[in-house]
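Worksheet for the structure shown next.
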Amino acid sequence: MRIAVPRGALMKDTLERLDLLGIDTTEVRANDRKLLFEDAGLITMRPSDVPTYVEAGAADIGVVGKDVLAEHPERNVYELLDLGFGRCRMVFATVEGEDPAAEALRRLGIMRIATKYPNMASAYFEKTGRQVEIVEVKGSVELAPLTGMVHGIVDLTATGTTLRENGLVIREEISVATARLIANPVSYRVKAAEIDAVVEKLRAR
Ligand SMILES: Nc1ncnc2c1ncn2[C@@H]1O[C@H](COP(=O)(O)OP(=O)(O)OP(=O)(O)O)[C@@H](O)[C@H]1O
Ligand SMILES: O=P(O)(O)OC[C@H]1O[C@H](OP(=O)(O)OP(=O)(O)O)[C@H](O)[C@@H]1O
């Protein structure tokens, strides 16, 4: 069985869970730039790429944030388990003081919002009856409103440090995300016993 492991914020907890399953993660821990670990059956990648590899069957199962799954509902993967770690919030934030997004809505009837999650953000503002223009950025989303490029952001926050250090405040909470175990649908049929054993061990933890 091959497992897709996200680098970044979810990696440490993911490797700890793999240790519990009896998978040898020492080589992964010791190699910062290596990506494929054939003996351990592990591949490591950008977090947002995990569903892509799992959907394609390049990995049988993987670990990914609920935020990524919610942004790409078209991905044909099974969500098997809420792993509980990697808890963070998707929020709408703007610079502190008078809310420039509310001001833009009043004056122009539309606000500009930067995000790495265009689908989530559009759906949220549509649902709450506000017109937005989405500006998609790849990272460091907090920079966008500080330059005047946008009126606000939709982004993840965990400790709140990044928002605080950039003078941004949360205006609305959109959702909460944790890490999920996902599976390729065909793998889940063909390797059912093996994958179910993984789910049971991680659930019992
Ligand atoms: N403080 C946090 N900030 C952002 N995401 C977090 C945090 N804590 C946990 N997460 C979770 O970790 C996942 C990966 O976040 P991380 O910041 O490592 O990746 P990334 O650099 O945004 O990924 P990519 O480059 O693939 O877009 C997120 O999708 C989210 O579910
Ligand atoms: O509330 P905090 O604990 O400060 O964490 C939130 C920050 O962490 C993530 O960024 P990441 O480090 O993934 O960089 P990125 O913005 O370039 O994706 C997220 O996009 C926030 O910027």
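Because the structure is predicted, anything quoted here is derived from the model rather than measured. Values below: all heavy atoms of this structure, side chains included; hydrogens, waters and symmetry mates excluded. Throughout, residue positions are numbered sequentially from 1 according to the sequence presented. Both ligands and their constituent atoms are indexed starting at 1 by order of listing.
At least one heavy atom of K116 sits closer than 4.0 Å to an atom of ligand 2.
Looking at S140, C88, P47, it is S140 that brings a heavy atom closest to atom 17 (O) of ligand 2.
Protein heavy atoms are absent from the 4.0 Å sphere centred on atom 9 (C) of ligand 2. Remark: atom 1 (O) of ligand 2 lies closer than 4.0 Å to at least one protein heavy atom. For atom 12 (O) of ligand 2, no protein non-hydrogen atom is found at a distance below 4.0 Å.
Taking atom 6 (C) of ligand 2 as the reference point, the nearest protein heavy-atom neighbour is L156 O, 3.6 Å. Annotation: atom 3 (O) of ligand 2 to nearest protein heavy atom, T159 OG1, 2.6 Å.
Residue-level proximity to ligand 2 for D155 is carried by the side chain, the only part with a heavy atom below 4.0 angstrom.
Annotation: side chain of I113 is in contact with side chain of F92 (closest heavy-atom distance under 4.5 Å).
L163 CG to D155 CG: the interatomic distance, rounded to the nearest 0.5 Å, is 7.5 Å.
Backbone and side-chain nitrogen or oxygen atoms of G160 are examined, and one is located within less than 3.5 angstrom of a nitrogen or oxygen of ligand 2. In terms of polar-atom proximity, K138 is not counted as a contact of ligand 2, lacking any N or O under 3.5 Å from an N or O of the ligand.
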Return a table of N or O atom pairs, ligand 1 on one side and protein on the other, at distances under 3.5 Å, rounded to 0.1 Å.
| residue | atom | partner | partner atom | Å |
| --- | --- | --- | --- | --- |
| ligand 1 | 18 (O) | A9 | N | 2.7 |
| ligand 1 | 22 (O) | K116 | NZ | 2.5 |
| ligand 1 | 25 (O) | R46 | NE | 2.6 |
| ligand 1 | 25 (O) | R46 | NH2 | 2.6 |
| ligand 1 | 26 (O) | P47 | N | 3.4 |
| ligand 1 | 26 (O) | S48 | N | 2.9 |
| ligand 1 | 26 (O) | S48 | OG | 2.5 |
| ligand 1 | 27 (O) | S48 | OG | 3.4 |
| ligand 1 | 27 (O) | K116 | NZ | 3.2 |
| ligand 1 | 29 (O) | D67 | OD1 | 3.3 |
| ligand 1 | 29 (O) | D67 | OD2 | 2.5 |
| ligand 1 | 31 (O) | D67 | OD1 | 2.4 |

